[in-house]
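Inspection log for the structure reproduced underneath, given as structure tokens.
Indexing begins at 1, ligand by ligand and atom by atom, following the structure's order.
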Amino acid sequence: DPFCGSSSLPTSLSVDGDSLQRQINELSTFSDTPAPSVTRILFSDKDVLARRYIKNLMGLSGLSVREDAVGNIFGRWDGYKPGLPAVATGSHIDAIPYSGKYDGVVGVLGAIEALNVLKRSGFRPKRSLEVILFTSEEPTRFGISCLGSRLLAGSKVLAEALKKTTVDGQNISFVDAARYAGYMKGEDDLSNVFLNSGNYSAFLELHIEQGPILEAEGIVTAIAAPASIKVDFEGNGGHAGAALMPNRNDAGLAAAELALAVEKHVLDSGSIDTVGTVGILELHPGAINSIPSKSHLEIDTRDIDEKRRNEVIEKIHQSAVAIAKKRSVSLTEFRIVNQDPPAISDKSIVKAMEDTSKELNLPHKLMISRAYHDSLFMARISPMGMLFIPCFKGYSHKPEEYAASQDIANGVKVLALTLAKLSLD
Ligand code: HGY
Ligand code: MN
Ligand code: MN
Ligand code: MN
């Protein structure tokens, strides 16, 4: 009954920390690698089970659930002015290989619990509150980061690619993979996934910091500018014994030299804020006694300054060309997969989070997010805010990832009260 409860801000906020911790533990069992690691790849069987688990929790919280063509999942609590743009919050549950159980998950389970906290307090939202599970934040399967939120933010290029060209490492198309998981049923073009800006009055994301700075909460003021590049080199290969060194054009050494060039260009950028990683480096045929005839590397480089990051990308490209020439291998691919601008958090949401933290006597600090998040793209269609909770020694993207349930509960409280305030705006 939309008229029960009060539309004044809740005074008591009780987070059910035990059930939230239990849910985090249960969700982590939907994994393709043994505990304590978590591996949950887009549209895999484990991903489908995890989605079902989240949809069930949304249902138990009385949220109405809808899913879009690519598997973004929305759980909605109608406010008493359901026609107004809603306030949304959410994150992701896909997990890169051998990672941890908190990255993304805290912002989905925590968001559902935040709505439960408000329901328990008798709060009645004016603007509807919506929890979003973004279909895939990690680039693992298709090499596209923030696939779901990028699409919601209206990327026509991505909509085209997903329909026509995107395939994974086993040459399975995005469309077939999505259909396997029960999505992309119709022949619909994906533009019906796009949300127009104004759809939400605010978007907030609760997430672990994934870095070593925080002892308490972090309120994010900006999200760094990410980019990723795919590179292939090709040489003649040959017999590791019979081919003498002067006659070789070793694609593996070209890749190794480029990886070191990435490190050099990043260190020479003039700022500690520029980072670069070669997380994927594959050699073909991958036999000890065969000179690599092909190599494939994937480069991740980021900076809080977009121009400086783009200069590094340009230098990496020049190095790839120079190395190919020097080693007489061919540079068969140099593809910038994404080269995104940074995002700035909405000042009024930052202020709402600061005020809420003060009201709850929770220490907090302003900071930049060096990791990217779905918020980076939601900021294109809605005022955005992010709330970080500390994680043990900043460990993330590895099984040792850990966040204390008290810190999670504090984050959920700040999220809940900030959502309530924004809902009454
Ligand atoms: O890589 C990132 O920044 C995010 O955690 N996927
Ligand atoms: Mn991640
Ligand atoms: Mn994440
Ligand atoms: Mn390639």
### Task
Scan side-chain atoms only and decide if T277 and D300 contain a donor-acceptor pair under the 3.5 Å cut-off.
no
### E314 side chain to N310 side chain, donor-acceptor N/O pair below 3.5 angstrom
no
### Query
Taking atom types as modelled and ignoring hydrogens, do the side chains of R51 and T135 form a donor-acceptor contact shorter than 3.5 angstrom?
yes
### Task
Could you find the nearest protein heavy atom to atom 5 (O) of ligand 1 and give me its residue, atom name and distance?
H397 NE2, 3.3 Å
#### Entry: With S136, the side chain to side chain donor-acceptor pair (under 3.5 Å) member among D374, D94, N72
D94
### Message
Using a 4.0 Å cutoff against the non-hydrogen atoms of E138, which atoms of ligand 1 qualify?
### Response
6 (N)
### Any N or O of R370 closer than 3.5 Å to N or O of ligand 1
no
### Message
I'd like to know if the side chain of D303 pairs up with that of T274 as donor and acceptor (distance under 3.5 Å, no hydrogens or angles considered).
### Response
yes
### Task
Could you tell me which atoms of ligand 1, counted from 1 in the order shown, lie closer than 4.0 angstrom to a heavy atom of A371?
3 (O)
### Task
Please work out whether any backbone atom (N, CA, C, O) or any side-chain heavy atom from C-beta onward of R302 is under 4.0 Å from ligand 1, and answer side chain, backbone, both or neither.
side chain
### Query
Is it the side chain, the backbone, both or neither of H373 that has a heavy atom closer than 4.0 Å to ligand 1?
neither
### Query
Considering residues, nucleotides and ligands other than K315, do more than 12 of their heavy atoms fall under 6.0 Å from its NZ?
yes
### Whether H397 has an N, O or S atom under 2.8 Å from the Mn ion (ligand 2)
yes
### Query
Parallel, tilted or perpendicular: which fits the ring planes of H317 and F334, with parallel below 30° and perpendicular above 60°?
parallel
### Query
Any idea which N/O/S atom from E138 gets closest to the Mn ion (ligand 2)?
OE2
### Query
Tell me, which N, O or S atom in D103 is closest to the Mn ion (ligand 3)?
OD1
### Query
Between the Mn ion (ligand 3) and H373, is there an N, O or S atom separated by less than 2.8 Å?
no
### Message
Under a 3.5 Å threshold, yes or no: a donor from one side chain and an acceptor from the other, between H296 and E298?
### Response
yes
### Task
Would you check if the Mn ion (ligand 2) lies under 2.8 Å from any N, O or S atom of E137?
no
